[in-house]
2 protein chains.
Amino acid sequence: MTVTLADVAARARVSPATVSRVLNGNYPVAATTRERVLRAVDELDYVLNGPASSLAAATSDLVGILVNDIADPFFGIMAGAAQTEISGPEGSSGRARGEKLAVVCNTGGSPQRELTYLTLLQRQRAAAVVITGGALEDPAHIAAMSAKLARLADAGTKVVLCGRPPLPEGAPEARNGSVLAALTFDNRGGGRRLTEHLLTLGHRSIGYVAGPTERTTTRHRLEGHRAALAAAGVAGDQDRLTVHGPYTRSSGYDATRELLRRDPGLTAIVAANDTVALGACAAVRELGLRIPEDVSVAGFDDLPFSVDAVPALTTVRLPLFAAGARAGRLAMGKEDPPPGGIATIGSDLMTRGSTAPPRG
Amino acid sequence: MTVTLADVAARARVSPATVSRVLNGNYPVAATTRERVLRAVDELDYVLNGPASSLAAATSDLVGILVNDIADPFFGIMAGAAQTEISGPEGSSGRARGEKLAVVCNTGGSPQRELTYLTLLQRQRAAAVVITGGALEDPAHIAAMSAKLARLADAGTKVVLCGRPPLPEGAPEARNGSVLAALTFDNRGGGRRLTEHLLTLGHRSIGYVAGPTERTTTRHRLEGHRAALAAAGVAGDQDRLTVHGPYTRSSGYDATRELLRRDPGLTAIVAANDTVALGACAAVRELGLRIPEDVSVAGFDDLPFSVDAVPALTTVRLPLFAAGARAGRLAMGKEDPPPGGIATIGSDLMTRGSTAPPRG
DNA sequence: CTGTTAGCGCCTTCAA
DNA sequence: TTGAAGGCGCTAACAG
C-alpha cells in the first residue's frame with residue numbers, strides 16, 4: 001500500500017540500512033549509492049514514516065510552542081519568530097537534515113489545557129518545548145507544571161520559557177536543568193517607568209485596568225505601577241483605583257467606565273496592555289471626554305496597531321519578535337543559554353500622543 | 001528507564017493488551033480491572049509513547065492547521081476557533097479519548113514552507129489538516145499542492161480548506177475526495193458591496209490598495225471592486241488607481257501615498273484588508289487630509305481593532321471564528337461536509353465612520 | 001472480558 | 001562503505 005523504506009531499498013538495490021543512512025545523513029555513504037537511493041526516493045515518492053522513525057530513534061522532530069491566545073498578536077509575534085528559527089531556512093525541501101516541525105499550541109489561558117498539551121507533547125517525545133506568556137500563580141498548578149517539566153526534561157526535551165519568569169524556588173525538582181532557559185520581560189520596570197512618565201506630566205489621580213488576577217504578568221506590571229506611585233508619595237486608595245479583568249478590549253471598556261464612575265476626577269488611565277487600552281479609549285471617548293486633554297491613556301506591549309490609534313498610544317514596547325526568535329534558537333541549541341539560565345529582557349517607554357499633562 | 005505499557009501491565013497484573021484497551025477505551029474492560037490499571041498508570045506516572053502507538057495503529061492524533069501569518073489576527077482567530085473544536089472540551093485530562101493534538105503551522109506565506117509542512121504532517125500520519133487563507137495562483141504550486149493533498153487523502157488524512165477556494169478543476173487527482181470540504185469566503189461579493197457603498201455615497205475617484213499578486217484572496221476582492229465600478233459605469237484607468245503590496249500596515253501607508261500622488265483628486269481609498277487600511281489612514285492623515293471629510297477609507301475583514309480606529313473603519317466583516325470552528329468540526333468528522341464539499345461563507349458590510357460622501 | 005501472538009517501519013549495533 | 005539482525009513500545013487480530 002504505502003511505500004516503505006524497504007521498497008526504496010529494493011528499487012535502489014541496496015539494504016534498508018543504507019537508505020536510512022542517506023536519509024539521515026549520519027553515516028558515510030558512497031556518492032553513487034546516495035545518488036541511486038535519492039533517485040529511488042523521488043521515483044517512488046517516498047515519505048518517511050515519522051512514528052516508526054521516532055520510535056526507533058527514541059526522539060522526534062516535533063517542537064511545541066505554547067501560547068495563551070493565538071488570536072492575540074502578542075503571542076502570534078513571539079510564536080512566529082520562534083517558529084522561524086526552529087523551522088530553519090525556507091529553502092529546505094523537508095527531506096532530511098535537522099528539519100523540525102515547529103508547531104504552536106493554543107492553551108486559551110487554561111491551566112488544564114496547558115498541562116494537557118504538555119502531556120501530548122511528551123507523548124510525542126517532542127524535541128523541545130517553548131512556553132510563552134505569563135504563568136498562573138496557583139500553587140497547585142505551579143507544582144503540576146514543575147513536575148511535568150521535570151519529566152519532559154528527563155526524557156530529553158529542551159524546555160524554554162519566553163516571557164515568563166523562571167519556576168519558583170520552591171520547586172526543587174525543576175531547579176536543576178529542567179528548564180534550559182527563561183527569558184523574562186521586565187514587566188515591573190516597564191510598569192514603573194510608564195507611571196513615572198504620567199507622574200512627571202503632573203498626574204496624581206491615575207486609574208489602573210489590570211489583567212486577570214493570579215498571573216505573573218498582571219502582578220508584575222501592577223507592582224511597577226504602584227512602586228512608582230509610592231516612590232512619588234502619591235497616596236490614595238489604590239485598590240479602589242484598580243480593576244481586574246481579562247486581556248480584552250471589552251474588559252478595558254468596562255473597567256474604564258467603572259473606574260471613572262468610582263472617581264470622575266481621574267486624569268489618567270493605565271491599561272494592562274494595548275488591547276485593553278483600546279477599550280479604555282473607547283470608553284473615555286464615549287463619555288464625552290477627550291484624549292489626552294481630559295484623560296490620558298496608556299497601554300503596554302506596543303503591538304503593531306498601537307501606533308495607529310488616534311491619538312497614538314503611549315505604551316511600553318516589548319521586543320516580542322526578538323524574544324521569540326531567541327527562545328527558538330535556545331530550543332534548537334543554536335545559542336547558549338544565558339548565565340544561570342535566566343535573562344531579563346528590557347522594555348522601552350514609547351511616549352506618544354495619548355498622554356499629556358492633566359487639565360489646569 | 002522510561003515507563004512502558006508492559007510495566008503498567010505488570011504492576012496491574014494484567015496483560016499489555018488490557019492496558020492498551022483501557023487506555024484507548026475501544027474495547028470492553030471489566031470495571032475492577034480498569035480501576036486497577038488506571039491506578040497503576042497513576043502510580044507509575046505512565047505516559048503513552050505516541051510514536052509507538054501511531055506506528056502500531058497506523059494513525060496519529062496530530063491535526064495540523066496551516067496559516068499564512070500567525071502574527072495576523074485574521075489567521076489567529078480562525079486557527080484558535082479550529083483548535084478549540086479539535087482539542088475538545090478543556091476538562092479532558094488528556095488521558096485518552098479522541099484526544100487530538102491540534103497544532104498550528106506558520107507558513108509565512110511561503111509556498112515552499114506550505115509544502116514542507118504538509119510533508120512533515122504526512123510523515124507524522126496526521127489525522128487531519130486544515131489549510132486556512134487564500135491560495136497562491138501559481139500553476140506549478142497548485143499542481144504540487146494538489147498532488148500532495150491527494151497523497152495525504154490516500155493515507156487517510158482529512159483535508160479541509162478554510163477561507164480558500166476549492167482546488168481548480170484542472171487538478172483531476174484532487175477532485176474526488178482529496179479535499180473533504182472547502183469553506184470559501186465571499187471575497188468577491190464583499191468587495192463588490194463595499195465599493196457599491198462608496199459609489200452610493202457619491203464617490204467616483206476611488207483608489208485601491210490591493211494585496212500581493214497571484215493570490216486568490218487578492219484577486220477576488222479586486223474583482224468585486226471592479227465589478228461594482230463597471231456596473232456603475234465608472235470609467236477611469238483602473239490599473240493606475242490600483243497598487244499591490246503585502247497585507248501589512250506599511251504597505252497600506254506606502255501605497256496610499258503613491259495613489260494620492262498619482263491622483264490627488266481621489267476621494268476614497270479601499271484597502272485589501274483592515275491592517276492595510278490602518279496604514280492608509282495614517283498616510284491620509286499625514287498628508288493633512290481628514291477622514292472621512294476629505295478622503296474616505298475602507299478595509300476588509302473587520303478585525304477586532306477596526307471598530308476602535310478613529311473614525312471607526314467601514315469594512316467587510318468575515319465570520320472568521322465561525323468559519324474556523326466549522327472547519328475544525330469538519331476535520332473531526334463532527335459535522336457533515338456541505339453538498340459538493342463546497343460552502344461559500346457570506347460577508348457583512350459594516351458601515352462606520354471612516355466613509356462619508358465626498359466633499360462638495 | 002482477557003491473554004497470546006505477530007508485526008507496524010525504522011534505526012542501530014555488529015560484522016564483513 | 002555496506003549488509004544482516006534485533007528490537008523500539010504499542011495495537012490488533014485471534015483464541016479462549
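Lettering follows sequence order; numbering is per chain, from 1. All values below were derived from every heavy atom in this structure, side-chain atoms included, with hydrogens, water molecules and symmetry-related copies excluded.
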field: Donor on one side chain, acceptor on other, Gln124(A) and Asp61(B), under 3.5 Å
entry: yes

field: Test item: side-chain donor near acceptor, Ser15(A) and Thr18(A), under 3.5 Å
entry: yes

- prompt: Out of Leu66(A), Val130(A), Val63(A), Ile65(A), which one pairs with Val104(A) under the side chain to side chain contact (heavy atoms under 4.5 Å, CB included) rule?
  reply: Ile65(A)

task: Just jot down the salt bridge (Lys or Arg N to Asp or Glu O under 4.0 Å) partners of Arg326(B), sequence neighbours excluded, or say none.
output: Glu335(B)

message: Quick check on side chain to side chain contact (heavy atoms under 4.5 Å, CB included): which of Thr33(A), Val8(A), Val14(A), Val37(A) does Val22(A) satisfy it with?
response: Val37(A)

If you restrict it to nitrogen or oxygen atoms, what contacts under 3.5 Å exist between nucleotides 1-3 of chain C and the protein, and what is each distance?
residue, atom, partner, partner atom, Å
dT2(C), OP1, Thr33(B), OG1, 2.4
dT2(C), OP2, Ala30(B), N, 2.8
dG3(C), OP2, Ser15(B), N, 2.9
dG3(C), OP2, Ser15(B), OG, 3.2
dG3(C), OP2, Thr18(B), OG1, 2.7
dG3(C), N7, Arg21(B), NH2, 2.6
dG3(C), O6, Arg21(B), NH1, 3.2
dG3(C), O6, Arg21(B), NH2, 3.4

Show me the protein contacts with nucleotides 7-10 of chain C, counting only N or O atoms at under 3.5 Å.
residue, atom, partner, partner atom, Å
dC8(C), O2, Ala56(B), N, 3.4
dC10(C), OP1, Tyr46(A), OH, 2.1
dC10(C), OP2, Leu5(A), N, 2.4

When the side chains of residues 48-56 of chain B are checked against the rest of the protein, which donor-acceptor pairs come out under 3.5 Å, sequence neighbours left out?
residue, atom, partner, partner atom, Å
Asn49(B), OD1, Ala52(B), N, 3.0
Ser54(B), OG, Gly50(B), O, 3.1
Ser54(B), OG, Thr59(B), O, 3.3

query: Got a sec, which residues hit side chain to side chain contact (heavy atoms under 4.5 Å, CB included) with Arg34(A), two or more places apart in sequence or on another chain?
result: Val29(A), Leu38(A)

All pairs passing salt bridge (Lys or Arg N to Asp or Glu O under 4.0 Å) where residues 6-28 of chain B contributes a residue, at least two apart: Arg11(B)-Glu43(B)

task: In whole angstrom, give the distance that lies between atom CG of Asn26(B) and atom C1' of dA13(D).
output: 14 Å

